[in-house]
Amino acid sequence: MNQRARIAMSDEEVAALLEGSRKLQLATINPDGTPHLVTMFYGLDDGRIAFWTYGKAQKARNLARDPRVSCLIEAGDDYAELRGVLLYGKAERIDDPDRIMDIGMLVARRMTPGVADELLRPYVEQTGRKRIAYVVERTKVVSWDHRRLT
């Protein structure tokens, strides 16, 4: 077995890392073709990455033109501890106000673990007025777990 195959994570391990993490690096494509990279809190919608943003944000403008994204979730500090998942996909825009609020709640729960929904809801409703949401449909998943190298 080659080293790449040895460090690849199973579907269950990928799902566990996505479930246990709070932030991701989101890459979209700028008008000139360069990557636009930002850190985002995210939620999971039936196992799919879900996020929201202001409608006038650069990432939203980029996604309106080209829905392709890369999402990187990683853990570990030392080389021998590194784990990560790189998802390639297409971001599906969500315009329905109720779905935007649902995704906003998913994200807010990750941002503030342990805070009750009734305390989060006013924030989500207030900021959600100017936001749009996205769900990422995966086209490819690459993963690694360097803990398997030792």
Side-chain angles (χ1 to χ4, degrees), residues 6-30 35-64 66-150:
R6 203 170 90 211
I7 64 172
M9 298 164 75
S10 69
D11 291 345
E12 293 79 18
E13 291 168 322
V14 167
L17 184 60
L18 295 179
E19 183 64 42
S21 299
R22 298 172 50 199
K23 297 181 289 184
L24 60 79
Q25 303 297 313
L26 173 72
T28 60
I29 303 167
N30 282 319
H36 178 260
L37 185 64
V38 294
T39 301
M40 302 283 299
F41 283 98
Y42 69 95
L44 292 173
D45 181 59
D46 291 329
R48 300 175 301 170
I49 297 289
F51 63 92
W52 69 342
T53 187
Y54 290 105
K56 294 186 179 195
Q58 183 64 50
K59 67 186 102 27
R61 295 195 319 258
N62 289 346
L63 291 170
D66 186 338
R68 292 178 296 166
V69 296
S70 297
C71 301
L72 173 65
I73 298 95
E74 62 178 354
D77 290 319
D78 295 328
Y79 184 82
E81 300 171 347
L82 295 178
R83 294 179 297 140
V85 174
L86 176 57
L87 301 176
Y88 295 95
K90 292 192 174 183
E92 174 192 333
R93 181 176 165 152
I94 307 297
D95 290 307
D96 174 66
D98 291 334
R99 286 283 292 135
I100 292 170
M101 290 301 114
D102 291 343
I103 291 170
M105 287 298 293
L106 292 173
V107 173
R109 287 181 191 119
R110 293 246 179 181
M111 292 172 65
T112 55
V115 175
D117 281 2
E118 55 270 10
L119 298 175
L120 294 176
R121 193 162 281 108
Y123 162 78
V124 170
E125 289 172 351
Q126 175 69 28
T127 61
R129 294 181 192 142
K130 295 182 179 181
R131 292 189 184 233
I132 52 179
Y134 296 89
V135 174
V136 177
E137 295 296 338
R138 300 176 195 179
T139 57
K140 182 178 178 182
V141 178
V142 179
S143 65
W144 56 92
D145 186 344
H146 286 192
R147 297 173 302 179
R148 296 182 178 151
L149 294 174
T150 57

(request) Run the numbers on V69 and T28 for side chain to side chain contact (heavy atoms under 4.5 Å, CB included), then give the verdict. (result) CA-CA 5 Å; V69 296; T28 60; 4.1 Å; yes
(request) Could you walk me through whether Q58 and V38 pass side chain to side chain contact (heavy atoms under 4.5 Å, CB included), step by step? (result) CA-CA 10 Å; Q58 183 64 50; V38 294; over 6 Å; no
(request) I would like to know whether I94 and W52 meet side chain to side chain contact (heavy atoms under 4.5 Å, CB included); could you show each step before the answer? (result) CA-CA 9 Å; I94 307 297; W52 69 342; over 6 Å; no
(message) For K140 and L86: C-alpha separation, side-chain torsions, deciding distance, then whether side chain to side chain contact (heavy atoms under 4.5 Å, CB included) applies.
(response) CA-CA 8 Å; K140 182 178 178 182; L86 176 57; over 6 Å; no
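Using modelled atom types, no side-chain atom of D78 and backbone atom of A80 make a donor-acceptor pair closer than 3.5 Å. Under a 3.5 Å cut-off, the side chain of R22 and the backbone N or O of R110 do form a donor-acceptor pair.
Here CZ of R138 is found 10.0 Å from CZ of R48. Values are rounded to the nearest 0.5 Å. Separating the CE atom in M40 from the CG atom in L26 is a distance of 6.0 Å, to the nearest 0.5 Å. From L18, atom CG reaches atom CD1 of I73 across 5.0 Å, with rounding to the nearest 0.5 Å.
The 12-atom threshold is exceeded at CZ of R148, counting heavy atoms of other residues, nucleotides or ligands nearer than 6.0 Å. The local environment of CG in D77 is sparse, with at most 12 non-hydrogen atoms from other residues, nucleotides or ligands closer than 6.0 Å.
You'll find the side chain of R93 stays beyond 4.5 Å of the side chain of L63, heavy atoms only.
Not counting sequence neighbours, Y42 has no partner by the ring-ring contact (aromatic ring centres under 6.0 Å, His included) test.
Between the side chains of R131 and Y54, at least one donor N or O sits under 3.5 Å from an acceptor N or O.
Using the six-membered ring where Trp is involved, F51 and Y134 have ring planes that are parallel, under 30° apart on the 30 and 60° scheme.
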